[in-house]
Amino acid sequence: MDRPNNTPLVTLRNLHKQYGGGETVLKDINLAVNQGEFIGLIGPSGCGKSTLLKMIAGLTPVTGGILDIAGKTPSDARDRMSFIFQEATLLPWLTVHKNIQTTMRLHRVDKQECLRVADKMATLVGLENVKGFYPRQLSGGMQMRVSIARALSISPQILLLDEPFGALDEMTRDHLNEELLRIRSIEAWTAFFVTHSVSEAVFLSTEIIVLTANPGTIYKKIAVDFPYPRTAKTRESPEFQRLVGEVSHHLRSVDR
Ligand SMILES: Nc1ncnc2c1ncn2[C@@H]1O[C@H](COP(=O)(O)OP(=O)(O)OP(=O)(O)O)[C@@H](O)[C@H]1O
Ligand SMILES: [Mg+2]
């Protein structure tokens, strides 16, 4: 799925979604996403953000328009995608080390390789000292780190994140945001990140997409030009605060 720089990795053209014979959930979604971009998706509850991620992941069918992932359909591109949900969804009877391996096992990765990669991922997300712990022995933030390690274990080219830090307190969330960007600087996946937090979207994204509801359409695309690495200091800058204000304003306009 490697692409020349000027060819989008993911193309959505006049994308349309309806579940069964129901209401139109998403309408006329047009988006071209280059490799390495970090797309923040924000919009009112029920506007179709999770649906959009599920379509990209091939988990629910497209009902109109085009969704192209480097020349492939979502289901054909699925091998190189990982999904991170709001809940860490760990198996309680498995240790951290074993939980990290579950996705690799599903991908039939060789056992020795599973062990090696699980070690590497545990270190990458800062869990090297709790590899033998069970999920109940971890904080919410640590559980989410396991979920991230598990998702990254298959070296995804596209990472889909659906409010992954929504259940965490603000400090933990800020910290995990910084960690996510640090990991991104090493692993270089392309991300689609759903959030209800404007400052999280501004902190992480290269581009923010504001969606309307009923039907879900693209209201605004906002480029975020702050250079990476972004740090806690980035959040304190007046430019950052200004952009948070601007995105919040757009969000208020669609949330009526
Ligand atoms: N499997 C499904 N079958 C039928 N309708 C669905 C299904 N999944 C979602 N919907 C409908 O599609 C619309 C968009 O739902 P979706 O979960 O994508 O919204 P969202 O933007 O992620 O909302 P939230 O911010 O609350 O998570 C809603 O009206 C929802 O009821
Ligand atoms: Mg959702």
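Both ligands and their constituent atoms are indexed starting at 1 by order of listing. Numbers here simply count residues along the sequence, with the first being 1.
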Student: I need the minimum non-hydrogen distance between Leu124 and Glu187, along with the two atoms involved.
Tutor: CD2-OE2, 4.0 Å
Student: Side chain of Asp28, backbone of Asn14: donor and acceptor closer than 3.5 Å?
Tutor: no
Student: Measure from NZ or CZ of Arg184 to the centre of the six-membered ring of Tyr228, then state whether that distance is under 6.0 Å and the direction lies within 45° of the axis.
Tutor: yes
Student: Could you verify whether a donor N or O on one side chain and an acceptor N or O on the other, from Lys220 and Ser253, lie under 3.5 Å apart?
Tutor: no
Student: Go ahead and list the nitrogen or oxygen contacts between ligand 1 and the protein that come in under 3.5 Å, distances to 0.1 Å, or just say none.
Tutor:
| residue | atom | partner | partner atom | Å |
| --- | --- | --- | --- | --- |
| ligand 1 | 8 (N) | Tyr19 | OH | 3.4 |
| ligand 1 | 18 (O) | Thr51 | N | 2.9 |
| ligand 1 | 18 (O) | Thr51 | OG1 | 2.5 |
| ligand 1 | 19 (O) | Gly48 | N | 3.4 |
| ligand 1 | 21 (O) | Cys47 | N | 3.2 |
| ligand 1 | 21 (O) | Gly48 | N | 3.0 |
| ligand 1 | 21 (O) | Lys49 | N | 2.9 |
| ligand 1 | 21 (O) | Lys49 | NZ | 2.9 |
| ligand 1 | 22 (O) | Ser50 | N | 3.0 |
| ligand 1 | 22 (O) | Ser50 | OG | 2.8 |
| ligand 1 | 23 (O) | Gly46 | N | 2.8 |
| ligand 1 | 25 (O) | Lys49 | NZ | 2.8 |
| ligand 1 | 25 (O) | His196 | NE2 | 3.1 |
| ligand 1 | 26 (O) | Ser45 | OG | 2.5 |

Student: Quick check: does Ser50 put an N/O/S atom under 2.8 Å from the Mg ion (ligand 2)?
Tutor: yes
Student: So, are Arg173 and Glu170 salt-bridged, with charged N and O less than 4.0 Å apart?
Tutor: no
Student: Just how far is it from atom CE of Met142 to atom CG of Leu90, taken to the nearest 0.5 Å?
Tutor: 11.5 Å
